[in-house]
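Residue numbers run from 1 in the order of the sequence given.
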Amino acid sequence: MAHPLVFLIAPLAQLPEGETSWAALQGLQSPSTGFSLRLFSAAETETSDLAGLPWNGQLDPGGGSAMRRLICDAVIPHFHPEANAIGVYQRGHDPEVLRCLDRFALQEAENETCWFYPTHDGRFLSWEREEVLSLEPGVVASETEAALPKNYERSQLALLWSLLADDESLTCVGLTYGGQRIEWGQHLGQPAREARWSLFSVDTEAEVSLTVNARQAVRAA
């Protein structure tokens with residue numbers, strides 16, 4: 001049986017109290033946009049190459065020293081912790097009926113930083129595109145359910161923050177409960193017509209570890 005806890009992100013006033021249903025929670029999930037992120041090793045890619053890269057983020061790996069190896073492919077919802085709250089619901093004997101255990105502002109959750117790509121020095125390409133999406137209510141990843149505490153504890157919920165690609169500020173990339181990843185089923189809608197390629201370098205031994213060599217917007221044909 002799936003773990004009994006279910007998580008919903010929405011403005012606090014929209015989170016149901018008492019008993020509710022899975023269908024009701026599906027209709028209330030707030031994050032409706034996000035972005036796709038792909039990272040590639042860049043090898044000898046030049047700044048002049050960016051304008052010719054595709055809008056859809058699909059690259060031919062190439063060969064030899066110019067190989068562009070895919071090292072990250074993710075869709076990250078815009079969780080907007082400053083505006084949203086989280087509701088925690090528990091399944092009972094009837095899996096369609098859920099009971100509210102807790103509701104509170106996301107900004108009151110614990111904060112944790114996590115590593116994201118790239119995790120090593122080198123020269124990299126990143127591709128980002130805004131996406132329209134819809135999220136299912138969140139559940140703890142099935143393979144980690146056994147590691148969770150038996151009783152719900154608010155202190156076990158945490159926001160994960162990471163530096164992504166060539167960003168200089170942290171982005172909220174997800175949530176965990178009891179140190180385990182919360183999964184959100186995703187359905188993508190119409191993507192933005194413009195994407196952005198960046199070429200950057202990471203050198204953790206340098207005084208300034210991140211160097212952005214170039215950025216280029218590309219549009220769908």
Hey, does the side chain of Asp121 reach the backbone of Thr204 with a donor-acceptor pair shorter than 3.5 angstrom?
-> yes
Answer whether the closest heavy-atom distance between the side chains of Asn111 and Trp161 falls below 4.5 Å.
-> yes
With side chains defined as the heavy atoms from C-beta onward, is the minimum distance between His78 and Glu130 less than 4.5 Å?
-> yes
Residues at least two apart in sequence or cross-chain that pass ring pair (Phe, Tyr, Trp, His ring centres under 6.0 Å) with Phe40, listed by chain then number, are Trp197
Contacts of type side chain to side chain contact (heavy atoms under 4.5 Å, CB included), residue Gln156, not counting sequence neighbours = Pro149, Glu153, Tyr177
Shortest non-hydrogen separation from Leu50 to Val218 and the atoms involved | O-CG1, 4.1 Å
Answer yes or no: is there a side-chain heavy-atom contact under 4.5 Å between Arg91 and Val139?
-> yes
Backbone of Trp55 reached by a side-chain donor or acceptor of Trp127 within 3.5 Å | yes
Roughly how far, to the nearest 0.5 Å, is CG of Leu125 from CG of Leu59?
-> 6.5 Å
Over 12 non-hydrogen atoms of neighbours within 6.0 angstrom of CG in Asn151 | no
Going from CD1 on Ile9 to CG on Asn84, what distance comes out if it is rounded to the nearest 0.5 angstrom?
-> 6.5 Å
Rounded to the nearest 0.5 Å, what's the gap from CG on Leu39 to CG on Leu37? Could you check?
-> 4.5 Å
Scan for side-chain hydrogen bond (donor to acceptor under 3.5 Å, both in side chains) pairs involving residues 209-221, sequence neighbours excluded, and state none if there are none.
-> Asp166-Arg215, Ser201-Asn213
Minimum-distance pair of heavy atoms, taken over all atoms of Val140 and Phe7 | CG2-CE1, 4.0 Å
Non-hydrogen atoms of Phe124 and Pro118 that approach each other most closely | CZ-CB, 3.5 Å
Output every pair passing salt bridge (charged side-chain N to carboxylate O under 4.0 Å, His left out) with a member in residues 29-41, not counting sequence neighbours, ordered by first then second residue.
-> Arg38-Asp73
Spatial distance of atom CG (Asp167) from atom OG (Ser126) [nearest 0.5 Å] | 8.0 Å
Side chains of Thr45 and Arg123: is there a donor and an acceptor less than 3.5 Å apart?
-> no
With sequence neighbours excluded, tell me which residues meet side chain to side chain contact (heavy atoms under 4.5 Å, CB included) with Ser169.
-> none
So do the side chains of Pro16 and Leu28 get within less than 4.5 Å of each other, counting heavy atoms only?
-> yes
Leu164 and Phe35: CA distance, side-chain angles, deciding distance, side-chain contact (heavy atoms from CB on, under 4.5 Å) verdict = CA-CA 12 Å; Leu164 302 179; Phe35 63 98; 3.6 Å; yes
Quick check: does any side chain N or O of Tyr89 sit under 3.5 Å from a backbone N or O of Leu25, one acting as donor and the other as acceptor?
-> no
Rounded to the nearest 0.5 Å, how far does CD1 of Ile182 lie from CD of Gln180?
-> 10.5 Å
Identify whether the distance between the nearest side-chain nitrogen and carboxylate oxygen of Arg129 and Glu131 falls below 4.0 Å.
-> yes
Sequence neighbours left out, what pairs pass side-chain hydrogen bond (donor to acceptor under 3.5 Å, both in side chains) with at least one residue falling in residues 6-29?
-> Gln26-Glu136
Smallest separation among heavy atoms of Cys114 and Leu160, with atom names = SG-CB, 4.1 Å
Taking the side chain as every heavy atom from C-beta outward, state whether Leu135 and Leu133 have any atom pair closer than 4.5 Å.
-> yes
How many angstroms lie between CG in Leu101 and CD in Gln90, if you round to the nearest 0.5 Å?
-> 4.5 Å
May I have the step-by-step check of side-chain contact (heavy atoms from CB on, under 4.5 Å) for Leu159 and Leu106, ending in yes or no?
-> CA-CA 8 Å; Leu159 297 176; Leu106 273 177; 3.8 Å; yes
Check step by step if side-chain contact (heavy atoms from CB on, under 4.5 Å) holds for Asp203 and Val208.
-> CA-CA 8 Å; Asp203 181 357; Val208 179; over 6 Å; no
In terms of hydrophobic clusters joined by side-chain contacts under 4.5 Å, are Leu175 and Val75 together?
-> yes
Can you name the nearest heavy-atom pair linking Arg193 to Ala221, along with the distance?
-> NH2-O, 3.5 Å
Could you go step by step and tell me if Leu170 and Leu163 meet the side-chain contact (heavy atoms from CB on, under 4.5 Å) rule?
-> CA-CA 5 Å; Leu170 293 167; Leu163 282 173; 3.9 Å; yes
Nearest heavy atoms of Ile76 and Cys172, plus distance in Å | CG2-O, 4.1 Å
Should Val97 and Leu5 be regarded as members of a common hydrophobic cluster, given that ILVMFWY residues are connected when their side-chain heavy atoms come within less than 4.5 Å of each other, either directly or indirectly?
-> no
